[in-house]
Amino acid sequence: LVSWNIMLAAYAFNGHLKEARSFFGSMPCWDVVSWNSMLSGIIKHGSLNDALQWFGIMSVRNLVSTNALLNAFSQAGHFAEAKNLYSTMPEHDIVSHNAMLAAYGHTGDVEEARCVFYSMSYCDLATWTILLSLYAQNGHLVEAKCMFDSMPQQDIVSTTAMMAAYAQNGHLKDAVDIFNGMHYLTLVSWNSMLDGYAQNGYLKEAKILFQIMPMRNLVSWNVMLAAHAGNLDDSTRFFGGMQARDTVSWNVFMAANTYNGHFVEAISLHMEMKMEGCDPDDATFISLFFSCSHLGDVICGLNYFVSMLIDYNFHATKQHYHCMVDLLARSGFLHETCTMIEE
RNA sequence: UGCAUCUUGUCUUUAUC
């Protein structure tokens, strides 16, 4: 059974969901790991609805299944459901707590995160690292450093997190010091350093680092694409030269267009990205709303808003509502703006 | 008591101010 499970996990983990499903069907017997492997494959590569459906038909479940679902909600931006599941699930382990903490990291809810943290009877390296990043990403660099100093050991992940924390908060020198002191570097370390240079205005250094990096992935390319956003020609050239693109690449390029006032082009990129097989995400819609807002095209913006809710089944976040308020208000629909705020 | 398969941490994109 373990051998079968390993094969199943290989299919599911790498996104071959069709093969995984048929392999699952051909198995002589199943245990909770089999069901969970399929579930996590669907969560990683499929839709939330498919994951929920699979969860519904699972004949055995355990805490791992529930934790996976909790993470699925969080990844999909359904934080209310995540919180609800977390507070109603019959038992928790450190993975459940960490997953919920990470979810609060995404919403920027520092206070809620603190409550979870104080309720935990013990924590591990992941807990400390989640808190470190949560503080750093919300502008609390001192607290982030405090987490780094408080953790019982520092591993490659937490050290990289601290490095990124410095870089993201404008302390490039400190980030470089950590980078130079690291015994070995992962792709994430390289990307963090690359982004540090790019975001802090050192484009020349970023270009050099990009050339000499021993490994690169799409994140590295996207960082460099974003670094060129100030100049639409450069950005267009770089984008055109990319051998592969994902949703983030398209989002970055859309942002480059809006940044340079090319709102119509930004909106049309949305069609192109779909034709290339990249699905829009919540950030894509924020860019779209922004472009519509600056074009004064309320109808177009509202259409996209409805499409986001109906066609894509996304939850509108606070950011999306802010954009809609901006869209309506800029065009003088004050009454409708107030209605949207109130409702 | 110990070894294999499933869930949590670090990198890139977005609005307002």
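Below, chains carry the letters A, B, ... as their sequence lines are ordered, and counting in each starts from 1. The shown structure was predicted, so the numbers you read here are calculated from the model rather than taken from an experiment.
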### Message
Would you say CZ of A:Phe13 has more than 12 non-hydrogen atoms from neighbouring residues, nucleotides or ligands within 6.0 angstrom?
### Response
no
### Query
How long is the line joining CE of A:Met213 and P of B:rU12, in whole Å?
13 Å
### Query
Touch check for A:Asn62, heavy atoms < 4.0 angstrom, all strands: base, sugar-phosphate only, or nothing?
nothing
### Query
Nearest to the side chain of A:Thr129, which nucleotide is it out of B:rU12, B:rA15, B:rG9?
B:rG9
### Query
When we call it a touch if two heavy atoms are under 4.0 Å apart, what does A:Leu131 touch: a base, just sugar-phosphate, or nothing?
nothing
### Query
Below 4.0 angstrom from OP1 or OP2 of B:rU10, is there any side-chain N or O of A:Gln168?
no
### Query
Could you give the CD1-to-C1' distance, from A:Ile43 to B:rU8, as a whole number of Å?
12 Å
### Task
Return the value, rounded to whole Å, for the distance between atom CG of A:Asp93 and atom C1' of B:rC6.
13 Å
### Message
Base, sugar-phosphate or nothing for A:Val252? Non-hydrogen atoms, less than 4.0 Å.
### Response
sugar-phosphate
### Query
A:Asp195 and A:Ser192: side-chain donor and acceptor closer than 3.5 Å?
no
#### Entry: Nearest-neighbour nucleotide for the A:Asn98 side chain, B:rU14, B:rU10, B:rU8 considered
B:rU8
### Message
Side-chain N or O of A:Gln137 versus OP1/OP2 of B:rC11: is the shortest distance under 4.0 Å?
### Response
yes
### Query
Is there a donor in the side chain of A:Asp155 and an acceptor in the side chain of A:Ser158, or the other way round, less than 3.5 Å apart?
yes
### Task
May I ask you to say whether A:Lys173 pairs ionically with A:Asp177, meaning some side-chain N is under 4.0 Å from a carboxylate O?
yes
### Closest nucleotide among B:rG9, B:rU10, B:rU8 to the A:Thr160 side chain
B:rU10
### Summary
Of B:rU12, B:rC6, B:rU14, the nucleotide closest to the side chain of A:Ala255 is B:rU14
### Query
How many angstroms lie between atom OG1 of A:Thr337 and atom CE of A:Met324, to the nearest 0.5 angstrom?
10.0 Å
### Message
What's the closest nucleotide to the side chain of A:Ile130 if the choices are B:rU10, B:rU8, B:rU14?
### Response
B:rU8
### Task
Send over the distance from A:Asn222 CG to B:rU14 P, rounded to a whole Å.
11 Å
### Task
Nearest whole angstrom, please: distance from the C1' of B:rU12 to the NE2 of A:His106.
13 Å
### Side chain of A:Val33 (C-beta onward), nearest among B:rU5, B:rG9, B:rA15
B:rU5
### Query
What nucleotide, of B:rC11, B:rU7, B:rU16, holds the atom closest to the side chain of A:Ser40?
B:rU7
### Message
Can you measure A:Phe285 atom CZ to B:rU16 atom P for me and round it to whole angstrom units?
### Response
19 Å
### Query
For A:Gln199, which contact category applies under a 4.0 Å heavy-atom criterion: base, sugar-phosphate, or nothing?
sugar-phosphate
### Query
So what does A:Ala99 hit on the nucleic acid, given a heavy-atom distance under 4.0 Å: a base, only sugar-phosphate, or nothing?
sugar-phosphate
### Message
Given B:rU5, B:rU7, B:rU13, identify the nucleotide with an atom nearest to the side chain of A:Asn251.
### Response
B:rU13
### Message
In this structure, how many angstroms lie between the P atom of B:rU12 and the CG atom of A:Asp281, rounded?
### Response
14 Å
### Message
What is the distance, to the nearest angstrom, from the CE atom on A:Met120 to the P atom on B:rG9?
### Response
13 Å
### Message
The test is ring pair (Phe, Tyr, Trp, His ring centres under 6.0 Å); show your working for A:His270 and A:Tyr304 and say whether it passes.
### Response
CA-CA 11 Å; A:His270 163 249; A:Tyr304 278 124; 5.1 Å; yes
### Summary
Of B:rU7, B:rU5, B:rU12, the nucleotide closest to the side chain of A:Ala9 is B:rU5
### Task
For A:Val2, report the nucleic acid contact type (base, sugar-phosphate, nothing); a contact means any heavy atom under 4.0 Å.
base
### Query
Which nucleotide in the set B:rC11, B:rU10, B:rA15 lies at the smallest distance from any side-chain heavy atom of A:Ala161?
B:rU10
### Message
When you measure from the side-chain N and O atoms of A:Asn71 to the phosphate of B:rU8, is any distance below 4.0 Å, counting only OP1 and OP2?
### Response
yes
### Query
What is the nucleic acid contact for A:Phe290, judged by heavy atoms within less than 4.0 Å: base, sugar-phosphate only, or nothing?
sugar-phosphate
### Task
Please determine, by modelled atom types, if A:Ser189 and A:Thr186 share a side-chain donor-acceptor pair under 3.5 angstrom.
yes
